[in-house]
Amino acid sequence: MLVTGLEILKKAREEGYGVGAFNVNNMEFLQAVLEAAEEQRSPVILALSEGAMKYGGRALTLMAVELAKEARVPVAVHLDHGSSYESVLRALRAGFTSVMIDKSHEDFETNVRETRRVVEAAHAVGVTVEAELGRLAGIEEHVAVDEKDALLTNPEEARIFMERTGADYLAVAIGTSHGAYKGKGRPFIDHARLERIARLVPAPLVLHGASAVPPELVERFRASGGEIGEAAGIHPEDIRKAISLGIAKINTDTDLRLAFTALIREALNKNPKEFDPRKYLGPAREAVKEVVKSRMELFGSVGRA
Ligand code: G3H
Ligand code: 13P
Ligand code: NA
Ligand code: ZN
């Protein structure tokens, strides 16, 4: 069933588990995520970026919204990193039930003003809103306190931001970053900062850049001819701890992309004569589904629907 993001996330924060927001760009990813959610009896969030909407167009948004309605578990269809009011309006018109407005690169007052404007429009049609405060940046453990403060979410500012904007959930910057290169070894996560934010902000908190970039997947990608440097992701224990401190929505894109592409590479290498796309997209879809299912186990959302 199609529900708002807040409906899913409020329960998650209250009961202390996380819900995955998985980025989808095509039919195979959509099917993989929804099948995983139904098999795990887990609520789920389908995340479509502006890039996904441009690539997949009306075909993708129609599939996402209609399949979400038919799903036997709660599903929210979410705009990931909406960059403007206009972009949010397009998502609302397409039937999304959750939107993100990301003005985190603007100054505080601009972020407040632009977010407030989006909250008014979205709430008028019953859609809930994610906003972001702070910069997503990989942080080295030894980085000076004032340098961290300049980048990462300030707890007191977060409290004021949520009160002034009326946003429903908040993406925080605590050291994670997007993509396959999140730092060296085990990237540093500022759990102490998260704890302080969570004490001041009762709304569900959101972790971007949460992919694990699992070494086995990186190795399979490499072994099949893919080129990738010193990739590193977020340790499962750091995710578990973040959830125990108030993170309710966990964004994952990179892990799914890696799995999908590694399996396509493997399938094409194995049978160079094959040119039926179903023969290599099928196994790739299955691999995405397996990653999603294991993420749901890590987040603790299995059996919550
Ligand atoms: O945070 C961004 C997401 O991973 C989506 O990426 O803008 O390339 O679709 P994208
Ligand atoms: P990853 O690149 O770690 O998968 O993060 C995805 C994300 O935050 C999407 O908004
Ligand atoms: Na998002
Ligand atoms: Zn993100």
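Reckoned from all heavy atoms, side chains included, excluding hydrogens, waters and symmetry mates. Every number for a ligand or one of its atoms is a count from 1 in the order of the listing.
Contact annotation for Ala47 and ligand 2: no heavy atom of the residue comes within less than 4.0 Å of the ligand. Under 4.0 angstrom from ligand 1, there are no non-hydrogen atoms of His208. For Asn23, every heavy-atom contact with ligand 2 shorter than 4.0 Å involves the side chain, none the backbone. When non-hydrogen atoms are compared, ligand 1 lies under 4.0 Å from neither the backbone nor the side chain of Asn251. Heavy atoms of Thr254 found under 4.0 angstrom from ligand 1: none, in either backbone or side chain.
In this structure, a donor-acceptor pair under 3.5 Å is present between the side chains of His123 and Asp168.
Interface of Ser49 with ligand 1, defined as ligand atoms under 4.0 Å from a residue heavy atom, comprises 5 (C), 7 (O), 9 (O), 10 (P). Of all atoms in ligand 2, listed by their number and element, those nearer than 4.0 Å to a heavy atom of His208 are 8 (O), 10 (O). Against a heavy-atom cut-off of under 4.0 Å, Gly179 is close to the following atoms of ligand 2: 2 (O). Taking every non-hydrogen atom of Ser211 and a distance limit under 4.0 Å, the qualifying atoms of ligand 2 come out as 1 (P), 3 (O), 4 (O). Every atom of ligand 1 is numbered from 1 in the order shown, and the set under 4.0 Å from a heavy atom of Asn23 is 3 (C), 5 (C). Below 4.0 Å from some heavy atom of His81 lie the following atoms of ligand 2, by number and element: 10 (O). Close approach to Asp253 involves these atoms of ligand 1, each under 4.0 Å from a residue heavy atom: 3 (C), 4 (O), 5 (C), 6 (O).
Here the Zn ion (ligand 4) is the vertex; the NE2 atom in His178 and the ND1 atom in His208 give an angle of 130° (to 10°).
Summary of contacts: the protein heavy atom closest to atom 8 (O) of ligand 2 is Gly209 N, 2.9 Å. When hydrogens are left out, the protein atom nearest atom 10 (O) of ligand 2 is Asp80 OD2, 2.7 Å; that is the closest non-hydrogen contact. Residue, atom and distance of the protein heavy atom nearest to atom 7 (C) of ligand 2 are His178 CD2, 3.4 Å. Of all protein heavy atoms, the one closest to atom 2 (O) of ligand 2 is Thr254 OG1, 2.6 Å.
The shortest separation from a heavy atom of Lys182 to ligand 2 is under 4.0 Å, placing the residue in contact.
Checked for salt-bridge contact, Arg193 and Asp149 meet the test: a charged N lies under 4.0 Å from a carboxylate O. Electrostatic pairing of Glu157 and Arg164 does not count as a salt bridge here, judged by no charged N lying under 4.0 Å from a carboxylate O. Between Glu237 and Arg186, none of the side-chain N atoms (NZ, or NE/NH1/NH2) sits under 4.0 Å from a carboxylate O, so this pair counts as no salt bridge. Under 4.0 Å is where a charged nitrogen must lie from a carboxylate oxygen, and between Glu216 and Arg220 no such pair does. Lys270 and Glu266 are not joined by a salt bridge, as no carboxylate oxygen comes within less than 4.0 angstrom of a charged side-chain nitrogen. Between Glu15 and Arg304 there is a salt bridge, with a side-chain nitrogen of the basic residue lying less than 4.0 Å from a carboxylate oxygen of the acidic one. Ion pairing between a basic and an acidic side chain is recognised when a charged N comes within 4.0 Å of a carboxylate O; Arg116 and Glu120 show such pairing.
Polar contact check, Thr252 against ligand 2: no nitrogen or oxygen pair lies under 3.5 Å apart.
With distances taken over non-hydrogen atoms, the option nearest atom 8 (O) of ligand 1 out of Arg257, Glu50, His178 is Arg257.
In this structure, Lys293 places its NZ atom where more than 12 heavy-atom neighbours from other residues, nucleotides or ligands lie under 6.0 Å away.
For the atom pair OG (Ser224) and CD (Glu219), the distance works out to 9.5 Å, reported to the nearest 0.5 Å.
Heavy atoms only, all atoms of each residue included: Leu194 and Leu245 are closest at CD2-CB, 3.8 Å.
The backbone N or O of Ser177 sits less than 3.5 Å from a side-chain atom of Lys182, completing a donor-acceptor pair.
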